Amino acid sequence: MPERCQWPGDDPDEVAYHDSEWGVPTRDESVLFEALILEGAQAGLSWHTILLRRDGYRRAFLDWDVEAIAEIDESRVDALVQDEGIIRHRGKIESTIANANATLLLRRQGLSLADVVWAYADPSNEPRTDIQAQTDESRAMSRELKRRGFRFVGPTTCYAFMQAVGIVNDHAAACFRFPEIARMRDRLLSERSDT
């Protein structure tokens, strides 16, 4: 059995997420948007709670189609507050719509969500030994996203998001995923610097 990070424990859902998704670097807007929303939804809750509701979120938020999410009206919000497949927190639901609109505004400005969030990537792939809940980079990302109209993007949420989408590689040095993720990050960062 391969050595992995300790945080998934023995939970099969968290182990599967760790082994196949957590930390995989991506610039795909839909994946980034989903991760940002789910990390915001987690505020005050466990990741396991959110992980079990991912299908509910994908259904409720139209497979993360930001154009369609931006069009959600108040009556639909009222229905989503009753939807047991997601976290029924009006503020978090409304922030998803606000974040879709903020993402669309980025597009109109000639930017992408990836352009904004990957600006905070550390090119180093050195394993971290002192992982914290937030960093200078996550605090800066939080300020920038808030400035651009995003909500539920505090520095702790931003750091968890950075971990989830590979902006930082916080797999433990001994974890079998660490070197794979490091190679993926190097490739993505070098492709970006070539453009």
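Computed from a predicted model, the values in this text were never measured in an experiment. One is the number of the first residue; the rest follow in order along the sequence.
Hydrophobic cluster membership differs between Leu111 and Val31, with clusters built from Ile, Leu, Val, Met, Phe, Trp and Tyr side chains linked at under 4.5 angstrom. With hydrophobic clusters built from ILVMFWY side chains whose heavy atoms lie under 4.5 angstrom apart, Phe176 does not share a cluster with Phe178. Residues Val15 and Tyr17 do not share a hydrophobic cluster, clusters being chains of Ile/Leu/Val/Met/Phe/Trp/Tyr side chains in contact below 4.5 Å.
Judged purely by atom type and a 3.5 angstrom limit, Asn125 has no side-chain atom pairing as donor or acceptor with the backbone of Arg183. The main-chain N or O of Pro25 is never found under 3.5 Å from a side-chain atom of Arg185 such that the two would form a donor-acceptor pair. A donor-acceptor contact shorter than 3.5 Å is absent between the side chain of Asp83 and the backbone of Arg88. The backbone N or O of Ser30 lies less than 3.5 Å from a partner atom in the side chain of Asp28, making a donor-acceptor pair. Although no hydrogens or angles enter the test, the distance criterion places a donor-acceptor pair under 3.5 Å between the side chain of Ser138 and the main chain of Pro155. Although no hydrogens or angles enter the test, the distance criterion places no donor-acceptor pair under 3.5 Å between the side chain of His18 and the main chain of Gly9.
One finds the CE atom of Met162 at 12.0 Å from the CG atom of Leu36 (value rounded to the nearest 0.5 Å). Separation of atoms CG (Asn99) and CG (Leu105) is listed at 12.0 Å; rounding is to 0.5 Å. Taking OG1 from Thr103 and CZ from Arg148, the interatomic distance works out to 11.0 Å, rounded to the nearest 0.5 Å. The CZ atom of Arg139 lies 8.5 Å from the OG1 atom of Thr156; values are rounded to the nearest 0.5 Å. Separating the OH atom in Tyr159 from the CD atom in Gln132 is a distance of 8.0 Å, to the nearest 0.5 Å. Separation of atoms CD (Glu14) and CG (Leu51) is listed at 6.0 Å; rounding is to 0.5 Å.
In this structure Thr157 satisfies the side chain to side chain contact (heavy atoms under 4.5 Å, CB included) test together with Glu39, sequence neighbours excluded. Residues passing the salt bridge (charged side-chain N to carboxylate O under 4.0 Å, His left out) test with Glu74 are Arg90, sequence neighbours excluded. Taking the salt bridge (charged side-chain N to carboxylate O under 4.0 Å, His left out) definition, one finds that Glu3 meets it with nothing, sequence neighbours left out. For Ala100, the side chain to side chain contact (heavy atoms under 4.5 Å, CB included) partners at least two apart in sequence or on another chain are Phe33, Val66, Ile69, Ala70. In terms of the side-chain hydrogen bond (donor to acceptor under 3.5 Å, both in side chains) criterion, Ser95 has no residue partners (sequence neighbours excluded). Looking at residues two or more places apart in sequence or on another chain, you find a salt bridge (charged side-chain N to carboxylate O under 4.0 Å, His left out) between Glu180 and Arg177. Listed by chain and residue number, Leu32, Leu113, Met141, Leu145, Phe161, Ile167 satisfy the side chain to side chain contact (heavy atoms under 4.5 Å, CB included) test with Val117 (two or more places apart in sequence, or in another chain). Under the side chain to side chain contact (heavy atoms under 4.5 Å, CB included) criterion, Asp73 pairs with Ser75, Arg76, not counting sequence neighbours. With sequence neighbours left out, Asp11 forms a salt bridge (charged side-chain N to carboxylate O under 4.0 Å, His left out) with no residue at all.
Side-chain atoms of Leu52 and His48, non-hydrogen and from C-beta on, do get closer than 4.5 Å to each other. Counting heavy atoms from C-beta on, the side chains of Arg128 and Val168 come closer than 4.5 Å. By the 4.5 Å heavy-atom criterion applied to side chains, Val165 and Val24 are not counted as neighbours.
Ring planes of Trp64 and Tyr57: parallel class, angle under 30° (limits at 30 and 60°).
Counting non-hydrogen atoms of neighbouring residues, nucleotides and ligands closer than 6.0 angstrom, the CD atom of Glu84 reaches no more than 12 such neighbours.
Nearest approach of Cys5 to Cys175, heavy atoms of both residues: N-SG, 3.6 Å. Contact between Leu80 and Ala60 at its shortest, heavy atoms only, is CD2-CB, 3.6 Å. Closest of all the heavy-atom pairs between Ala121 and Leu189 is CB-CD2, 4.2 Å.
Using a 4.5 Å cut-off between side-chain heavy atoms of Ile, Leu, Val, Met, Phe, Trp and Tyr, Phe152 forms no hydrophobic cluster with any other residue.
Residue pairs meeting the ring pair (Phe, Tyr, Trp, His ring centres under 6.0 Å) criterion with at least one member in residues 108-150, sequence neighbours excluded, do not occur. Residue pairs meeting the salt bridge (charged side-chain N to carboxylate O under 4.0 Å, His left out) criterion with at least one member in residues 105-124, sequence neighbours excluded: Arg27-Asp115, Glu29-Arg107, Glu67-Arg107, Asp115-Arg192.
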*Begin with the C-alpha distance, continue with both residues' side-chain angles, and end with the deciding distance and a verdict on ring-ring contact (aromatic ring centres under 6.0 Å, His included) for Trp7 and Trp22.*
CA-CA 11 Å; Trp7 65 261; Trp22 190 69; 5.0 Å; yes
